[in-house]
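In listed order, ligands and their atoms are each counted from 1. Note that these values count all heavy atoms, side chains included, but never hydrogens, waters or copies made by symmetry.
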Amino acid sequence: MSDNNLKTIETAALEALAACTDSASVEKVRVSVLGKKGELTLVMRTMGQLPKEERPAFGQMVNDTRRVIENALEERLNALRAAEQAARLEAERIDVTEPAAEIAQGSLHPLTIVQEMLEDIFISLGFSVADGPEVELDHYNFELMNIPKEHPARDMQDSFYFSPNLLLRTHTSPVQARYMTTHEPPIRIICPGRVYRCDEVDATHSPVFHQMEGLVIDKGIRMSDLKGTLDEFAKRLYGPETKTRFRPSFFPFTEPSAEVDLTCAMCGGKGCRVCKGTGWIEVLGCGMVHPNVLRACGIDPEVYSGFAFGLGLDRITTIKYGISDLRLMYENDTRFLSQF
Ligand code: DAH
(Lines give C-alpha, C1' and ligand atoms only; values in the text may rest on other atoms or scores of the structure.)
Protein backbone atom coordinates (compact mmCIF):
# COMPACT_ATOMS: atom_id res chain seq x y z
CA MET A 1 0.00 0.00 0.00
CA SER A 2 1.51 3.32 -1.01
CA ASP A 3 1.13 6.99 -0.45
CA ASN A 4 -0.32 7.15 -3.91
CA ASN A 5 -3.18 4.84 -3.14
CA LEU A 6 -4.21 6.92 -0.16
CA LYS A 7 -3.99 10.06 -2.23
CA THR A 8 -6.25 8.50 -4.85
CA ILE A 9 -8.82 7.56 -2.23
CA GLU A 10 -8.63 11.05 -0.74
CA THR A 11 -8.99 12.81 -4.08
CA ALA A 12 -11.88 10.59 -5.14
CA ALA A 13 -13.64 11.16 -1.80
CA LEU A 14 -13.21 14.93 -1.99
CA GLU A 15 -14.53 14.95 -5.54
CA ALA A 16 -17.50 12.81 -4.56
CA LEU A 17 -18.25 15.18 -1.69
CA ALA A 18 -18.03 18.21 -3.92
CA ALA A 19 -20.60 16.60 -6.21
CA CYS A 20 -23.03 15.93 -3.33
CA THR A 21 -26.23 17.95 -3.51
CA ASP A 22 -27.86 16.84 -0.25
CA SER A 23 -26.98 15.45 3.17
CA ALA A 24 -28.19 11.97 2.21
CA SER A 25 -25.60 11.66 -0.54
CA VAL A 26 -22.89 12.89 1.85
CA GLU A 27 -23.84 10.04 4.15
CA LYS A 28 -23.44 7.60 1.23
CA VAL A 29 -19.92 8.88 0.65
CA ARG A 30 -19.12 8.48 4.36
CA VAL A 31 -20.27 4.85 4.33
CA SER A 32 -18.40 4.02 1.14
CA VAL A 33 -15.08 5.46 2.39
CA LEU A 34 -15.09 5.37 6.17
CA GLY A 35 -17.80 2.75 6.89
CA LYS A 36 -17.05 -0.80 8.13
CA LYS A 37 -16.50 -1.98 4.57
CA GLY A 38 -15.36 1.41 3.29
CA GLU A 39 -12.31 1.86 1.11
CA LEU A 40 -10.15 3.47 3.76
CA THR A 41 -11.18 0.94 6.40
CA LEU A 42 -10.17 -1.89 4.09
CA VAL A 43 -6.78 -0.20 3.52
CA MET A 44 -6.33 0.08 7.29
CA ARG A 45 -6.96 -3.65 7.61
CA THR A 46 -4.05 -4.46 5.31
CA MET A 47 -1.70 -2.96 7.91
CA GLY A 48 -1.22 -6.37 9.53
CA GLN A 49 0.49 -7.64 6.41
CA LEU A 50 3.26 -5.01 6.71
CA PRO A 51 6.55 -5.52 8.50
CA LYS A 52 6.28 -4.38 12.09
CA GLU A 53 8.58 -1.36 11.69
CA GLU A 54 6.58 0.10 8.81
CA ARG A 55 3.27 -0.07 10.62
CA PRO A 56 3.43 3.17 12.71
CA ALA A 57 4.27 5.34 9.70
CA PHE A 58 1.58 3.65 7.65
CA GLY A 59 -0.99 4.04 10.41
CA GLN A 60 -0.10 7.68 10.66
CA MET A 61 -0.66 8.20 6.93
CA VAL A 62 -4.04 6.46 6.93
CA ASN A 63 -5.14 8.50 9.94
CA ASP A 64 -4.06 11.73 8.25
CA THR A 65 -6.11 10.80 5.20
CA ARG A 66 -9.07 9.86 7.39
CA ARG A 67 -8.91 13.21 9.17
CA VAL A 68 -8.79 15.14 5.89
CA ILE A 69 -11.83 13.24 4.60
CA GLU A 70 -13.71 13.56 7.89
CA ASN A 71 -13.15 17.31 7.95
CA ALA A 72 -14.26 17.66 4.35
CA LEU A 73 -17.33 15.54 5.10
CA GLU A 74 -18.33 17.70 8.04
CA GLU A 75 -17.76 20.90 6.15
CA ARG A 76 -19.79 19.67 3.19
CA LEU A 77 -22.54 18.44 5.46
CA ASN A 78 -22.76 21.78 7.29
CA ALA A 79 -22.90 23.67 4.04
CA LEU A 80 -25.61 21.44 2.61
CA ARG A 81 -27.69 21.47 5.82
CA ALA A 82 -27.54 25.27 5.91
CA ALA A 83 -28.67 25.40 2.28
CA GLU A 84 -31.47 22.89 2.95
CA GLN A 85 -32.70 24.87 5.94
CA ALA A 86 -32.57 28.12 4.00
CA ALA A 87 -34.60 26.51 1.21
CA ARG A 88 -37.17 25.15 3.68
CA LEU A 89 -37.53 28.51 5.41
CA GLU A 90 -38.00 30.18 2.09
CA ALA A 91 -40.63 27.65 1.03
CA GLU A 92 -42.53 27.91 4.32
CA ARG A 93 -42.36 31.65 4.53
CA ILE A 94 -45.66 33.31 5.46
CA ASP A 95 -46.44 36.58 3.75
CA VAL A 96 -48.22 38.45 6.52
CA THR A 97 -49.00 41.31 4.15
CA GLU A 98 -51.12 39.11 1.83
CA PRO A 99 -54.85 40.03 2.07
CA ALA A 100 -56.90 37.35 3.86
CA ALA A 101 -59.50 35.30 1.96
CA GLU A 102 -62.88 36.99 2.22
CA ILE A 103 -65.29 35.45 4.75
CA ALA A 104 -68.84 35.19 3.42
CA GLN A 105 -71.13 37.28 5.60
CA GLY A 106 -74.74 36.44 6.33
CA SER A 107 -77.56 38.98 6.26
CA LEU A 108 -80.72 39.57 8.28
CA HIS A 109 -83.83 37.65 7.27
CA PRO A 110 -86.45 39.99 5.72
CA LEU A 111 -88.84 39.12 8.56
CA THR A 112 -86.21 40.11 11.12
CA ILE A 113 -85.63 43.39 9.31
CA VAL A 114 -89.36 44.21 9.37
CA GLN A 115 -89.78 43.04 12.97
CA GLU A 116 -86.94 45.30 14.11
CA MET A 117 -88.35 48.18 12.09
CA LEU A 118 -91.77 47.82 13.80
CA GLU A 119 -90.10 47.44 17.20
CA ASP A 120 -88.26 50.71 16.58
CA ILE A 121 -91.52 52.47 15.70
CA PHE A 122 -93.37 51.26 18.80
CA ILE A 123 -90.41 51.75 21.14
CA SER A 124 -90.28 55.37 19.99
CA LEU A 125 -93.99 55.62 20.92
CA GLY A 126 -93.21 54.47 24.47
CA PHE A 127 -93.83 50.71 24.18
CA SER A 128 -91.51 48.02 25.48
CA VAL A 129 -90.99 44.54 24.00
CA ALA A 130 -92.34 41.49 25.86
CA ASP A 131 -91.82 37.80 25.15
CA GLY A 132 -93.69 34.55 25.82
CA PRO A 133 -93.38 30.80 25.12
CA GLU A 134 -94.32 29.26 21.77
CA VAL A 135 -95.45 26.07 23.51
CA GLU A 136 -98.35 27.50 25.45
CA LEU A 137 -100.99 26.44 27.94
CA ASP A 138 -104.58 26.36 26.74
CA HIS A 139 -105.25 28.58 29.78
CA TYR A 140 -103.30 31.53 28.33
CA ASN A 141 -103.87 30.87 24.63
CA PHE A 142 -107.68 30.57 24.96
CA GLU A 143 -109.21 30.67 28.46
CA LEU A 144 -107.80 34.02 29.61
CA MET A 145 -108.49 35.49 26.16
CA ASN A 146 -112.21 34.92 26.72
CA ILE A 147 -112.37 31.82 24.52
CA PRO A 148 -113.68 29.05 26.79
CA LYS A 149 -113.78 25.39 25.73
CA GLU A 150 -116.55 24.66 23.21
CA HIS A 151 -116.56 28.35 22.22
CA PRO A 152 -117.11 28.50 18.44
CA ALA A 153 -114.25 31.02 18.12
CA ARG A 154 -111.81 28.14 18.70
CA ASP A 155 -112.69 26.98 15.19
CA MET A 156 -111.23 30.23 13.80
CA GLN A 157 -107.79 28.96 14.82
CA ASP A 158 -106.96 25.33 13.96
CA SER A 159 -104.47 24.38 16.63
CA PHE A 160 -101.60 21.94 17.06
CA TYR A 161 -102.16 20.26 20.45
CA PHE A 162 -99.60 18.27 22.44
CA SER A 163 -102.17 17.33 25.06
CA PRO A 164 -105.61 18.72 26.00
CA ASN A 165 -103.97 21.59 27.90
CA LEU A 166 -100.80 22.20 25.90
CA LEU A 167 -100.47 23.50 22.33
CA LEU A 168 -98.36 25.57 19.96
CA ARG A 169 -99.67 29.11 20.47
CA THR A 170 -102.09 30.09 17.70
CA HIS A 171 -101.53 33.83 18.20
CA THR A 172 -99.35 36.20 20.23
CA SER A 173 -102.34 37.22 22.38
CA PRO A 174 -101.41 34.85 25.29
CA VAL A 175 -98.40 37.10 25.93
CA GLN A 176 -100.94 39.83 26.82
CA ALA A 177 -102.43 37.55 29.47
CA ARG A 178 -99.07 36.51 30.83
CA TYR A 179 -98.02 40.15 31.10
CA MET A 180 -101.25 41.36 32.71
CA THR A 181 -101.17 38.62 35.33
CA THR A 182 -97.62 39.60 36.35
CA HIS A 183 -97.58 43.40 35.94
CA GLU A 184 -99.57 46.32 37.32
CA PRO A 185 -100.93 48.95 34.89
CA PRO A 186 -99.91 51.22 33.25
CA ILE A 187 -98.93 48.66 30.60
CA ARG A 188 -97.65 49.48 27.13
CA ILE A 189 -96.10 46.50 25.34
CA ILE A 190 -95.60 44.85 21.97
CA CYS A 191 -94.99 41.09 21.66
CA PRO A 192 -93.53 39.92 18.34
CA GLY A 193 -93.13 36.21 17.69
CA ARG A 194 -93.84 32.97 15.88
CA VAL A 195 -97.32 31.45 15.90
CA TYR A 196 -98.70 28.15 14.56
CA ARG A 197 -101.87 27.00 12.89
CA CYS A 198 -102.82 23.78 11.16
CA ASP A 199 -102.82 25.28 7.63
CA GLU A 200 -101.90 23.74 4.29
CA VAL A 201 -98.77 25.28 2.77
CA ASP A 202 -99.34 27.43 -0.30
CA ALA A 203 -98.26 30.82 -1.69
CA THR A 204 -100.16 32.72 1.02
CA HIS A 205 -100.41 30.17 3.88
CA SER A 206 -97.89 28.59 6.20
CA PRO A 207 -98.42 26.58 9.40
CA VAL A 208 -95.74 28.80 10.95
CA PHE A 209 -96.07 32.55 10.66
CA HIS A 210 -95.41 35.73 12.63
CA GLN A 211 -97.51 38.19 14.54
CA MET A 212 -96.95 41.21 16.68
CA GLU A 213 -99.30 41.86 19.54
CA GLY A 214 -99.80 45.28 21.11
CA LEU A 215 -101.37 46.04 24.47
CA VAL A 216 -102.00 49.30 26.32
CA ILE A 217 -103.73 49.38 29.74
CA ASP A 218 -104.17 52.48 31.85
CA LYS A 219 -106.86 54.65 33.39
CA GLY A 220 -109.00 56.40 30.78
CA ILE A 221 -107.74 54.62 27.64
CA ARG A 222 -110.28 55.08 24.85
CA MET A 223 -110.88 53.95 21.27
CA SER A 224 -109.46 57.28 20.06
CA ASP A 225 -106.11 56.34 21.67
CA LEU A 226 -106.14 53.12 19.67
CA LYS A 227 -106.96 54.97 16.45
CA GLY A 228 -104.32 57.63 17.05
CA THR A 229 -101.62 55.06 17.86
CA LEU A 230 -102.32 52.90 14.80
CA ASP A 231 -102.59 55.94 12.54
CA GLU A 232 -99.18 57.15 13.69
CA PHE A 233 -97.77 53.64 13.24
CA ALA A 234 -99.15 53.44 9.66
CA LYS A 235 -97.58 56.77 8.70
CA ARG A 236 -94.18 55.78 10.09
CA LEU A 237 -94.38 52.38 8.37
CA TYR A 238 -95.46 53.36 4.83
CA GLY A 239 -95.00 57.15 4.78
CA PRO A 240 -96.93 60.29 5.87
CA GLU A 241 -99.54 59.96 3.09
CA THR A 242 -100.76 56.61 4.47
CA LYS A 243 -104.39 56.43 5.62
CA THR A 244 -106.05 53.93 7.96
CA ARG A 245 -109.53 52.45 7.64
CA PHE A 246 -111.32 50.82 10.59
CA ARG A 247 -113.95 48.19 9.79
CA PRO A 248 -116.19 46.71 12.53
CA SER A 249 -115.25 43.14 13.32
CA PHE A 250 -115.41 40.51 16.04
CA PHE A 251 -112.77 39.06 18.38
CA PRO A 252 -113.68 37.35 21.68
CA PHE A 253 -110.99 39.31 23.55
CA THR A 254 -112.01 42.81 22.42
CA GLU A 255 -115.23 44.81 22.48
CA PRO A 256 -115.71 46.73 20.28
CA SER A 257 -113.43 45.11 17.70
CA ALA A 258 -112.15 46.31 14.35
CA GLU A 259 -110.04 45.24 11.42
CA VAL A 260 -107.67 47.85 10.07
CA ASP A 261 -106.68 48.44 6.46
CA LEU A 262 -103.87 50.72 5.28
CA THR A 263 -103.75 52.44 1.91
CA CYS A 264 -101.75 50.16 -0.37
CA ALA A 265 -98.05 51.05 -0.22
CA MET A 266 -97.53 49.81 -3.80
CA CYS A 267 -100.06 52.02 -5.61
CA GLY A 268 -100.77 54.65 -2.95
CA GLY A 269 -104.47 53.69 -2.93
CA LYS A 270 -105.17 53.75 -6.70
CA GLY A 271 -105.57 49.99 -6.91
CA CYS A 272 -103.05 47.44 -8.15
CA ARG A 273 -102.24 43.72 -8.25
CA VAL A 274 -101.00 43.68 -4.63
CA CYS A 275 -104.22 45.19 -3.18
CA LYS A 276 -106.35 43.33 -5.75
CA GLY A 277 -107.56 46.65 -7.14
CA THR A 278 -109.11 47.84 -3.85
CA GLY A 279 -106.41 50.38 -2.86
CA TRP A 280 -106.44 48.93 0.68
CA ILE A 281 -104.43 46.28 2.49
CA GLU A 282 -105.64 44.53 5.63
CA VAL A 283 -102.84 44.38 8.19
CA LEU A 284 -104.29 43.95 11.67
CA GLY A 285 -107.11 43.21 14.10
CA CYS A 286 -107.71 45.34 17.16
CA GLY A 287 -110.18 46.58 19.73
CA MET A 288 -110.81 47.65 23.31
CA VAL A 289 -109.75 44.91 25.71
CA HIS A 290 -112.84 42.96 26.81
CA PRO A 291 -113.74 43.45 30.50
CA ASN A 292 -113.79 39.64 30.89
CA VAL A 293 -110.12 39.52 29.82
CA LEU A 294 -109.12 42.29 32.22
CA ARG A 295 -110.99 40.61 35.08
CA ALA A 296 -109.56 37.14 34.34
CA CYS A 297 -106.07 38.64 34.37
CA GLY A 298 -106.59 40.38 37.72
CA ILE A 299 -107.19 43.93 36.47
CA ASP A 300 -110.31 45.82 37.61
CA PRO A 301 -112.29 46.92 34.49
CA GLU A 302 -114.06 49.54 36.61
CA VAL A 303 -110.70 51.30 37.12
CA TYR A 304 -108.71 50.46 34.02
CA SER A 305 -109.37 50.17 30.31
CA GLY A 306 -107.12 49.38 27.37
CA PHE A 307 -106.72 48.54 23.73
CA ALA A 308 -105.00 45.70 21.95
CA PHE A 309 -104.02 44.85 18.41
CA GLY A 310 -102.46 41.96 16.55
CA LEU A 311 -100.75 42.40 13.22
CA GLY A 312 -99.38 39.93 10.70
CA LEU A 313 -95.64 40.40 10.16
CA ASP A 314 -95.45 38.10 7.14
CA ARG A 315 -97.92 40.12 5.12
CA ILE A 316 -96.23 43.44 5.92
CA THR A 317 -92.91 41.86 4.89
CA THR A 318 -94.10 40.35 1.58
CA ILE A 319 -95.72 43.67 0.64
CA LYS A 320 -92.69 45.72 1.63
CA TYR A 321 -90.33 43.63 -0.52
CA GLY A 322 -92.74 42.52 -3.26
CA ILE A 323 -92.31 38.84 -2.33
CA SER A 324 -94.94 36.90 -4.30
CA ASP A 325 -94.74 33.55 -2.50
CA LEU A 326 -94.72 33.13 1.29
CA ARG A 327 -92.82 29.82 0.96
CA LEU A 328 -89.69 31.72 -0.08
CA MET A 329 -89.48 33.14 3.43
CA TYR A 330 -89.36 29.69 5.05
CA GLU A 331 -87.11 27.72 2.69
CA ASN A 332 -83.88 29.48 3.71
CA ASP A 333 -82.42 29.42 0.21
CA THR A 334 -79.40 31.71 0.49
CA ARG A 335 -79.92 32.95 -3.10
CA PHE A 336 -83.15 34.48 -1.81
CA LEU A 337 -81.92 35.56 1.63
CA SER A 338 -78.76 37.27 0.36
CA GLN A 339 -80.89 39.87 -1.46
CA PHE A 340 -81.89 41.70 1.71
N1 DAH B 1 -105.17 37.24 18.00
C2 DAH B 1 -105.80 37.62 16.76
C3 DAH B 1 -105.49 36.60 15.71
O4 DAH B 1 -104.55 35.92 15.78
C5 DAH B 1 -105.29 38.97 16.33
C6 DAH B 1 -105.77 40.05 17.22
C7 DAH B 1 -106.96 40.71 16.92
C8 DAH B 1 -105.08 40.39 18.34
C9 DAH B 1 -107.44 41.71 17.73
C10 DAH B 1 -105.54 41.41 19.17
C11 DAH B 1 -106.73 42.06 18.84
O12 DAH B 1 -104.89 41.79 20.26
O13 DAH B 1 -107.17 43.03 19.66
O14 DAH B 1 -106.26 36.51 14.79
Side-chain angles (χ1 to χ4, degrees), residues 115 118 122 127 129-134 136-148 151-160 167-181 185 187-199 204-218 221-231 233-234 244-262 281-294 296-297 299 301 304-316:
Q115 181 181 320
L118 300 199
F122 281 105
F127 287 71
V129 180
D131 208 1
E134 290 173 24
E136 186 55 284
L137 292 167
D138 184 278
H139 180 65
Y140 291 106
N141 196 80
F142 290 129
E143 296 285 335
L144 289 185
M145 297 319 291
N146 201 28
I147 314 174
H151 191 291
R154 289 206 180 199
D155 294 344
M156 287 162 70
Q157 304 184 352
D158 284 330
S159 319
F160 289 112
L167 72 161
L168 285 170
R169 67 180 180 191
T170 57
H171 49 179
T172 43
S173 301
V175 188
Q176 281 190 33
R178 284 183 173 273
Y179 202 89
M180 280 189 274
T181 50
I187 291 170
R188 207 179 287 138
I189 52 164
I190 47 165
C191 328
R194 248 181 238 136
V195 298
Y196 303 84
R197 283 183 208 176
C198 203
D199 267 334
T204 55
H205 292 86
S206 163
V208 189
F209 56 104
H210 296 75
Q211 288 188 336
M212 193 164 85
E213 195 80 9
L215 176 71
V216 171
I217 309 279
D218 204 348
I221 297 291
R222 298 174 301 179
M223 190 88 179
S224 52
D225 297 310
L226 168 62
K227 290 191 80 173
T229 302
L230 293 180
D231 213 51
F233 159 71
T244 45
R245 181 171 77 173
F246 286 65
R247 285 181 286 106
S249 185
F250 169 79
F251 299 104
F253 29 86
T254 44
E255 181 59 36
S257 305
E259 277 172 307
V260 177
D261 306 328
L262 307 186
I281 293 183
E282 186 196 324
V283 290
L284 60 87
C286 64
M288 301 307 289
V289 180
H290 198 292
N292 287 351
V293 173
L294 291 174
C297 294
I299 293 174
Y304 292 103
S305 56
F307 66 77
F309 58 88
L311 55 83
L313 289 178
D314 303 77
R315 194 157 158 69
I316 293 178

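Other residues, nucleotides and ligands contribute more than 12 heavy atoms inside 6.0 Å of the CG atom of Asp199. Residue-environment remark: CZ (Arg245) exceeds the threshold of 12 foreign heavy atoms within 6.0 Å.
Each of the atoms 3 (C), 4 (O) of ligand 1 lies under 4.0 Å from some heavy atom of Gln211. Short contacts between ligand 1 and Gln176, defined as distances under 4.0 Å to a heavy atom of the residue, involve ligand atoms 12 (O). Near Ala308, with a cut-off below 4.0 Å to any heavy atom, the atoms of ligand 1 are 12 (O), 13 (O). Of all atoms in ligand 1, numbered sequentially from 1 with element shown, those under 4.0 Å from a heavy atom of Gly285 are 7 (C), 9 (C), 11 (C). Residue Phe251 approaches ligand 1 through these ligand atoms, each under 4.0 Å from one of its heavy atoms: 7 (C), 9 (C). Atoms of ligand 1 found under 4.0 Å from any heavy atom of Thr254 (numbered from 1 in listed order, with element): 13 (O).
Using modelled atom types and a 3.5 Å distance limit, the side chains of Asp261 and Thr244 yield no donor-acceptor pair.
Here the side chain of Thr172 pairs no donor or acceptor atom with the backbone of Gly193 at under 3.5 angstrom.
Distances between N or O atoms of His171 and those of ligand 1 include at least one value under 3.5 Å.
Among protein heavy atoms, the minimum distance from atom 12 (O) of ligand 1 is reached at Glu213 OE2, 2.5 Å. Regarding atom 5 (C) of ligand 1, its nearest protein heavy-atom neighbour is Gly310 CA, 4.1 Å.
Ring geometry for Phe127 versus Phe122: interplanar angle over 60°, hence perpendicular rather than tilted (30 to 60°).
Separation of the Phe209 and His171 ring centroids does not fall under the 6.0 Å cut-off.
With sequence neighbours left out, Glu136 forms a side-chain hydrogen bond (donor to acceptor under 3.5 Å, both in side chains) with Arg178.
A salt bridge links Glu282 to Arg247: at least one charged side-chain nitrogen sits closer than 4.0 Å to a carboxylate oxygen.
Residue contacts with ligand 1: Phe253 is included, with a non-hydrogen atom under 4.0 Å away. For Met145, the closest heavy-atom approach to ligand 1 does not fall below 4.0 Å. Residue contact check for ligand 1: Arg197 places a non-hydrogen atom closer than 4.0 Å to it.
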